[in-house]
Number of protein chains: 2
Amino acid sequence: MSTATEPPRRADAVRNRRLALDAATALLTEPGVSLTVEAIAKKAGLGAATVVRAFGGKDALLDTAVSRLLEPVVQHARDLLAETTPTQALRIFLRELIAFQAAHYAINDQLGGLDLPATTALRTDLVRAVEEMIDGARRDGAVRTDIDLAIITTLIGQTALAVARAQPPSQELADAYLTVLLDGLRP
Amino acid sequence: MSTATEPPRRADAVRNRRLALDAATALLTEPGVSLTVEAIAKKAGLGAATVVRAFGGKDALLDTAVSRLLEPVVQHARDLLAETTPTQALRIFLRELIAFQAAHYAINDQLGGLDLPATTALRTDLVRAVEEMIDGARRDGAVRTDIDLAIITTLIGQTALAVARAQPPSQELADAYLTVLLDGLRP
DNA sequence: TGACAACTGGAATGCTCATTTCACATAATC
DNA sequence: GATTATGTGAAATGAGCATTCCAGTTGTCA
């Protein structure tokens, strides 16, 4: 095994790690922020060096923060698939996905050039779940079959992203997107 | 009048101005470039200082470059409104808009924090033209009336942008977007 | 309580950029 | 062809940023 005997961490290091993560998460939901290490450090009440060290770099910190936010969303997608019909799951989940993106649009706005492996993996899981929903909804005759599956998931993902990009992201806009998208996806 | 008697420009300055503009325009259509002054200068075969001076700053240069690209698109929207029915104009123009965004997606990817007044003005003109199309298409019974006009234009704009953001922007994806969007917009 | 390894944060470093400077080059005008 | 205002670009400047250094602080454990 490669489980290195990790040296025990000091209590303040553990606490600061949590403070840094909380601050980064909070900033992800705030529009118009710069999402710099300095800003995260100030929000957390720490020095910039401490924030960087806590996770081994800015990328790793944000990867963790975004993953924490994304994980329950992915889990809910899986739960919906188990609990209800694919068509119903698709409808419910799309609404949730759009709301999520609208609430955390800094996720898409500020994370351009960063390397976020955990987040990428979760996104893949999410796409897979949505594909399953669409596949089932097609069998139920609720979604058109003349457009490639991968194209539809891209379309859904980009649409949710598009809502988040609008200034400001409004509920009315989100509802309109959802309506047009779902109507447009019918056979 | 405030037409200051502008001093005549030297021939090489005029030529370099054009070279800088051409280089910037060319880079706007290339995916994955950094769109730095250095990159534009290299493409133009000029020094960075010359590129900056030619338009009084990077922002002004890119504003001019993007405007040049956008202007015929806006003009075509107006022409379509004059030449054909709003419904037909909407269908034709949406296709063109999506193609344009797909071909020049650096426009949306790299111009985040810049101040581009001329481009913004053209975008407003474009939105106005699309609003007119939708308004007419509604009267023809071709577009649903249960969603606010401004919401629909935002939706269209963001959709075109969404296609451009896909990697890589494909014709298949563009067609799918157009199909779903138009079907979803029907009454 | 003392000793020491772990941790902290202000300052220094090292990048990427746009922009400015200035010694040199060159169009324009005679 | 000589003069001169205008233009050029390599190098300097400065701003914003993540990351690292290190002298000083603080948990931890005996």
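Naming: A, B, ... by sequence-line order, numbering from 1 per chain. Computation of the quantities below employed the complete heavy-atom set of this structure, encompassing side-chain atoms and omitting hydrogens, waters and symmetry-equivalent molecules.
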**Report entry** For atom CZ of B/F55 and atom C1' of C/dA18, their distance in whole Å
**Finding:** 17 Å
Query raised in the report: B/D59 has an atom CG; how far is it from atom P of C/dA18, in whole Å?
Result: 10 Å
Query raised in the report: Between C/dA18, D/dT19, C/dT8, which nucleotide has the shortest distance from any of its atoms to the side chain of A/K58?
Result: D/dT19
Requested in this report: Verify the cluster assignment for A/L161 and A/L181: are they in a single hydrophobic cluster under the rule of side-chain heavy atoms below 4.5 Å apart?
Outcome: no
Requested in this report: May I have the distance from B/R17 (atom CZ) to D/dT8 (atom C1'), rounded to whole angstrom?
Outcome: 16 Å
Query raised in the report: Does B/T36 have a side-chain nitrogen or oxygen under 4.0 Å from the phosphate oxygens OP1 or OP2 of C/dC17?
Result: no
Query - Distance, rounded to the nearest Å, where B/D12 contributes CG and C/dA25 contributes C1' - result: 10 Å
Report task. Following the transitive rule for hydrophobic clusters with a side-chain heavy-atom cut-off under 4.5 Å over Ile, Leu, Val, Met, Phe, Trp and Tyr, establish whether A/L111 and A/I40 coincide in one cluster. Result -> yes
Report summary line: Taking for A/A49 and for A/S34 the nucleotide of DNA chain D with the nearest heavy atom, the one nearer the 5' end belongs to A/S34
Query raised in the report: Is there a donor-acceptor pair closer than 3.5 Å between any side-chain N or O of B/K58 and the backbone N or O of B/V51?
Result: no
Query raised in the report: Do B/V14 and B/L19 belong to the same hydrophobic cluster, where Ile, Leu, Val, Met, Phe, Trp and Tyr are linked whenever their side-chain heavy atoms lie under 4.5 Å apart, directly or via other members?
Result: no
Report task. Could you tell me whether the side chain of A/R53 has a donor or acceptor atom within less than 3.5 Å of a complementary atom in the base of D/dT19? Result -> no
Requested in this report: From the options D/dG9, C/dC7, D/dG27, select the nucleotide whose nearest atom is closest to the side chain of A/A13.
Outcome: C/dC7
Report task. Answer yes or no: is there a donor N or O on one side and an acceptor on the other, between the side chain of B/T29 and the main chain of B/T25, under 3.5 Å? Result -> no
Report summary line: The answer to which of A/R10 and B/E38 contacts DNA chain C further toward the 5' end, by nearest nucleotide, is A/R10
Query raised in the report: Within this structure, what is the NZ-to-P distance between A/K42 and C/dG9, rounded to whole angstrom?
Result: 16 Å
Query raised in the report: From the list D/dG9, C/dT20, D/dT19, which nucleotide is the closest neighbour of the side chain of A/V37?
Result: D/dT19
Query raised in the report: Is any side-chain N or O of A/R9 under 3.5 Å from a base N or O of D/dG27, one able to act as donor and the other as acceptor?
Result: no
Query raised in the report: How many Å lie between CG on A/N16 and P on D/dG27, as a whole number?
Result: 10 Å
Query - Euclidean distance, atom CG of residue A/L61 to atom P of D/dT19 [Å, nearest integer] - result: 10 Å
Report summary line: Rounded to whole Å, CG of B/L111 lies from C1' of C/dA18 at a distance of 15 Å
